Amino acid sequence: MMNGDVVLRLNNVSKSYGAARAVDRLSIDVRKGEVLTLLGPSGCGKSTTMRLVMGLEQCDEGEIIYQGKVVDSAETGVNLPVHKRQMGMVFQSYAIWPHMTVFENVAYPLRVRRVRGEKLREAVERTLDLVGLGGFGDRLAPNLSGGQQQRVALARSLVFEPQILLLDEPFSNLDAHLREQMRAEVRLLQRRLGITVLFVTHDQVEALSLSDRIVVMKAGRAEQIGTPYELYAHPGTAAVRDFLGRTVKLGGRVVEQLQDNRVMIELAQGARVAATAQPGHFSIGQACTAAVRPETLEIVPGLGGAGTLAAKIEMLLFIGDRYEARIGLGERETLLMYLPATDAWREGQEVALRLPERGVQAWPA
Amino acid sequence: MTIASPTPLEATPLRRRRQRFERATLVCGVVLLAIAFVVVYPILLLFYQSFQVGQFGTPTVFGFDNWRDALNEPAMRGAILNTLGLTIARQGISFVIGILLAWLLARTDIPGRYWLEFGFWIAFFMPSLTSTLGWILLLDPDYGLINELLQALPFVEQPPFNIFSWWGIVFTHLMTGTLAIKVMLLTPAFRNMDASLEEASRASGASTMGTLWRIVIPVMAPTIFIVFLMGTIRSMEAFEIELILGAPHQIEVYSTLIYRRIFDVHPQYGTATALSMIVLLFLMPLIALQQWMTRRRSHATVSGKYTGRLQRLRKWRWPLFGLVAFLLLVITVLPVSLVVTATFMKLFGYFNLPSGAYTLDKWRAALAHPQLFAALRTTLTIAVGASLLAMLSFSLIAYISTRTKFALRGTLDFLTWLPSAIPGVVIGLGFLWLFLGTPLFRPLYGTFWILIIAIALGSLTLGVQVIKSNLVQLGAELEEASAASGANILYTFRHVVLPLIAPAVLVVGLLVFASAAREISLVALLSTGSVKPLSMLQLNYMEDGSYELATIIGVFILILTIGAALGARFIGMRVGAGTAASAQPTAIEKST
């Protein structure tokens with residue numbers, strides 16, 4: 001079936017460095033106007049993938065198709081040089097040329113394309129305004145702050161109006177506050193321009209908040225592809241589950257098959273809980289792990305009765321807007337949880353842990 | 001979903017991967033071959049020729065005669081022993097003083113640290129023969145100023161010092177660079193040492209000197225040892241000081257022996273070649289050890305950023321400053337001022353003559369002498385030519401080594417390092433075989449070209465290292481960003497790479513210029529009557545004992561070298577801490 005919406009396609013792409021396979025038969029479609037994020041720990045091949053797309057590396061297997069044109073193919077030997085790919089890229093270090101002013105940095109892609117005079121000045125100033133750097137044109141690059149440098153890099157990659165923008169860990173050099181701000185700004189900018197973005201990060205909060213779809217990568221492969229909510233709520237593998245957020249894991253065994261691919265689990269602590277069976281089927285009596293996102297757990301003071309787990313607050317740290325608590329569950333298990341900032345909590349206090357009706361998942365032990 | 005039939009390979013904008021790959025590799029390969037040709041091929045030729053018996057022009061046969069002659073040569077044993085003895089004495093003394101000086105400059109609050117270090121930097125560039133002339137004026141047994149002053153004392157009968165002696169040679173070496181280069185190499189290394197190690201030792205109750213001895217020196221031991229090896233290799237290359245100061249009492253080292261065999265009434269190329277091979281055999285284990293240590297050190301390096309507070313010298317601050325400043329003045333200002341004074345003397349070394357000791361006649365005579373200007377022109381031509389060649393080729397090598405995935409990069413790195421370990425006279429002899437023995441290159445013999453290539457080769461290691469560290473600091477993303485912006489390789493090079501590395505390249509050019517103005521051992525065997533640079537003219541005058549003319553040439557060489565060195569320093573500082581200025585000492589350290 002034809003689909004003109006795909007801007008960029010990676011088809012079975014592989015790239016090795018010596019014996020190490022950095023990217024391993026990876027296939028991804030990037031649709032027009034979406035933010036697609038490559039997420040994974042360092043060394044998972046996400047940066048290499050981006051460099052392959054940009055043409056800074058060449059694939060050993062497979063092909064890359066951009067706007068209907070093969071730009072890199074190991075089989076036919078086609079390789080479009082970096083400077084002809086017409087993609088915008090923001091580098092991790094921003095790579096602002098220190099011997100040029102802000103204006104000249106942003107004007108560079110246009111000068112290369114032989115845009116001159118008034119047209120050049122207008123385009124550069126419009127782009128500088130767009131990223132909030134209007135009036136900064138005369139500054140020398142080394143005199144800019146980290147956030148400003150990033151805006152320059154962004155302006156430079158947008159000024160020639162590319163079809164796709166590649167962002168290589170663009171926020172990792174910013175401090176926490178600035179990172180949040182830039183994240184929101186980039187999202188707004190992307191909405192406004194409708195530009196397609198391929199985004200690489202190792203930070204799951206960035207990935208979840210910025211993306212339309214996420215590709216979780218592991219050892220050069222796509223572990224799972226989906227919207228942020230899909231991945232968070234229904235992780236396909238344990239690696240995706242643990243990488244995207246915190247998980248409370250409780251041991252137990254399957255006691256009953258329910259409808260809609262759900263099972264009843266009897267936890268080691270005694271309580272019974274219904275759970276969505278994640279990959280595969282469970283047989284009755286099979287040992288399993290009940291996984292639940294800690295924010296869906298409810299903690300109530302005192303004994304909670306049936307369907308709850310008896311627990312104890314072992315340690316309580318007040319961190320301002322809430323408490324950080326270490327909750328002991330039975331003899332061995334401890335959970336790290338946040339409790340609302342009321343004065344109801346004491347160290348050593350007996351509490352009950354109520355599992356949510358939906359949102360518990362059964363995984364093979 | 002599938003994409004509707006991707007447009008297959010348009011011929012123009014798409015390029016074949018294999019083609020591109022081959023073209024880049026071809027350029028890298030050509031550079032590698034060119035370097036191998038000037039670095040390795042002469043050594044192979046020396047090896048081959050050492051087994052060829054017969055004179056130039058006559059048919060040669062294979063045989064061991066040259067080796068037998070070299071090994072039976074009565075002067076050979078003495079020359080090798082002298083080489084080793086002088087090396088050990090120079091290195092032993094300069095190391096003890098050099099480590100103390102480096103520690104004072106890098107780790108203590110001695111006043112004027114920056115200027116003192118700068119002084120040693122200048123001292124490093126001083127032309128050795130010009131300084132030697134200054135020291136002859138002070139320590140000549142007949143008219144040396146210090147000898148005369150001391151003999152004025154009632155209890156001194158004999159002149160106490162004689163510069164034309166074994167210890168005179170050691171002393172002159174110490175005063176003309178051996179000490180200065182130790183300070184230049186060790187000071188940055190000491191500066192990078194983690195100060196908390198020192199502070200912990202002080203906190204544990206150790207004294208300043210106890211800490212230096214028990215903590216600083218052991219921690220720095222790998223670096224110190226590498227600098228020691230490099231210094232040893234370098235001092236085995238010594239040539240011109242031995243040639244001048246050893247002559248009256250026939251103190252030969254192997255390099256002077258090779259020189260004398262070549263310029264003998266009956267030139268003995270075979271023996272000289274075998275001799276140079278023997279020296280290379282001596283150097284081989286040192287080179288191997290040095291390479292091994294350098295590679296190993298990367299794991300054992302001292303931590304980077306944190307340097308912390310400087311050691312306080314308290315009441316010793318000013319006395320120690322006085323001592324170091326005095327040493328610097330003795331190394332630099334003293335010989336230079338004496339040499340300048342000597343250019344106005346009627347008779348070299350005689351500060352008091354009944355008819356008046358001073359005259360302008362020597363300057364008049366020298367300036368009227370066509371030979372001086374011919375030599376000046378030669379030096380300038382070689383210096384400018386070698387600088388240009390170096391700037392171009394070193395940038396290319398540095399770029400290949402840092403930015404490409406050329407498979408033989410390691411070999412290229414080793415080849416760039418090698419010339420710093422081969423004695424100049426040996427390179428000269430190898431070049432002689434290369435240019436006289438290869439019909440294709442024979443026309444180049446006796447031209448500027450052979451000297452230009454030799455001089456550039458002499459600075460290869462340091463020059464490439466300076467540009468390389470500059471490129472490494474810049475990072476590859478600046479170029480990738482340019483490509484991503486749509487610029488091709490040439491546009492990127494012209495608008496991004498070149499403006500950014502230009503200062504470092506210019507610094508390299510000036511350093512090569514300075515070395516061309518004073519270099520002797522590399523060019524001694526290669527310069528001919530028609531192409532004779534200032535430094536060789538000065539050497540010849542000194543060999544003949546015409547010291548007055550030699551001092552005037554010395555002033556010219558001094559102006560050229562120190563001028564270029566100051567220019568390099570100025571550019572390096574203007575570019576700021578991030579680039580060339582700071583790259584220089586570390587680059588020298590890395591190149592060791």
Side-chain angles (χ1 to χ4, degrees), chain A residues 1-9 11 29 31 51 54-56 58 63 65-74 76-100 104-105 108-113 142 153 156-157 159-160 162 166 168, chain B residues 1-24 403-405 407 470-504 574-580:
Chain A
M1 184 191 98
M2 181 201 144
N3 191 326
D5 277 335
V6 175
V7 174
L8 176 75
R9 158 164 295 182
N11 210 347
D29 284 345
R31 297 175 199 144
R51 292 175 68 82
M54 190 68 239
L56 296 165
Q58 298 174 1
E63 58 180 6
I65 299 158
Y66 175 52
Q67 294 189 307
K69 243 189 257 172
V70 176
V71 293
D72 190 2
S73 163
T76 59
V78 169
N79 182 246
L80 190 70
V82 182
H83 65 275
K84 294 192 174 158
R85 294 215 173 175
Q86 308 283 349
M87 303 174 181
M89 177 159 179
V90 175
F91 289 81
Q92 191 171 0
S93 68
Y94 312 142
I96 305 299
W97 300 303
H99 61 298
M100 296 180 192
E104 280 306 318
N105 264 284
Y108 189 90
L110 295 179
R111 289 197 191 280
V112 171
R113 289 168 176 77
R156 186 177 64 191
S157 61
V159 73
F160 61 99
L166 312 181
D168 184 9
Chain B
M1 289 170 288
T2 49
I3 286 182
S5 57
T7 340
L9 354 168
E10 280 173 34
T12 29
L14 302 176
R15 261 185 243 161
R16 294 275 169 175
R17 174 197 321 251
R18 189 154 299 160
Q19 224 174 339
R20 231 163 35 114
F21 171 78
E22 275 173 1
R23 206 179 306 154
R403 288 290 197 270
T404 67
K405 289 169 186 165
N470 203 246
L471 276 171
V472 167
Q473 271 180 340
L474 287 178
E477 287 198 346
L478 290 177
E479 286 150 57
E480 291 173 358
S482 172
S485 300
N488 62 21
I489 290 182
L490 286 177
Y491 197 97
T492 301
F493 194 81
R494 163 80 188 78
H495 288 95
V496 174
V497 181
L498 203 60
L500 289 172
I501 67 166
R574 243 176 45 123
V575 184
T579 51

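Hydrogens, waters and symmetry mates play no part in the numbers below; they use all other heavy atoms, side chains included. On a predicted model such as this, the values are computed, not experimentally measured, just so you know. Numbered from 1 within each chain, the chains take letters A, B, ... in sequence-line order.
- Interface residue A:Arg51: only side-chain heavy atoms are found under 4.5 Å from chain B.
- B:Pro499 approaches A:His99 most closely through the heavy-atom pair CB-CD2, 3.4 Å.
- Between B:Leu478 and A:Pro98, the shortest heavy-atom contact is CD1-CD, 4.2 Å.
- Across B:Ala487 and A:His83, no two heavy atoms sit closer than the pair O-CB, 2.9 Å.
- Only the side chain of A:Phe160 comes within less than 4.5 Å of a heavy atom of chain B; its backbone N, CA, C and O stay farther away.
- Taking CD of A:Gln86 as the start and OG of B:Ser485 as the end, the distance is 11.0 Å to the nearest 0.5 Å.
- Contact of A:Met54 with chain B is made through the side chain alone, with heavy-atom distances under 4.5 Å.
- The CD atom of B:Glu477 sits 7.0 Å away from atom CE of A:Met89, with the distance rounded to the nearest 0.5 Å.
- Scanning all heavy atoms of the two residues, the minimum distance from B:Ala481 to A:Trp97 falls at C-CZ2, 3.8 Å.
- The parts of A:Gln92 that come within reach of chain B are both its backbone and its side chain, each placing non-hydrogen atoms under 4.5 angstrom from that chain.
- Taking each heavy atom of A:Val112 and B:Tyr491 in turn, the nearest pair found is CG2-CE2, 3.4 Å.
- A:Arg113 touches chain B through its side chain: at least one heavy atom from C-beta onward sits under 4.5 Å away, while N, CA, C and O do not.
- Counting all heavy atoms, side chain and backbone alike, A:Val82 lies closest to B:Ala484 at CG1-N, 3.7 Å.
- A:Leu166 does not touch chain B: none of its heavy atoms, backbone or side chain, sits under 4.5 Å away.
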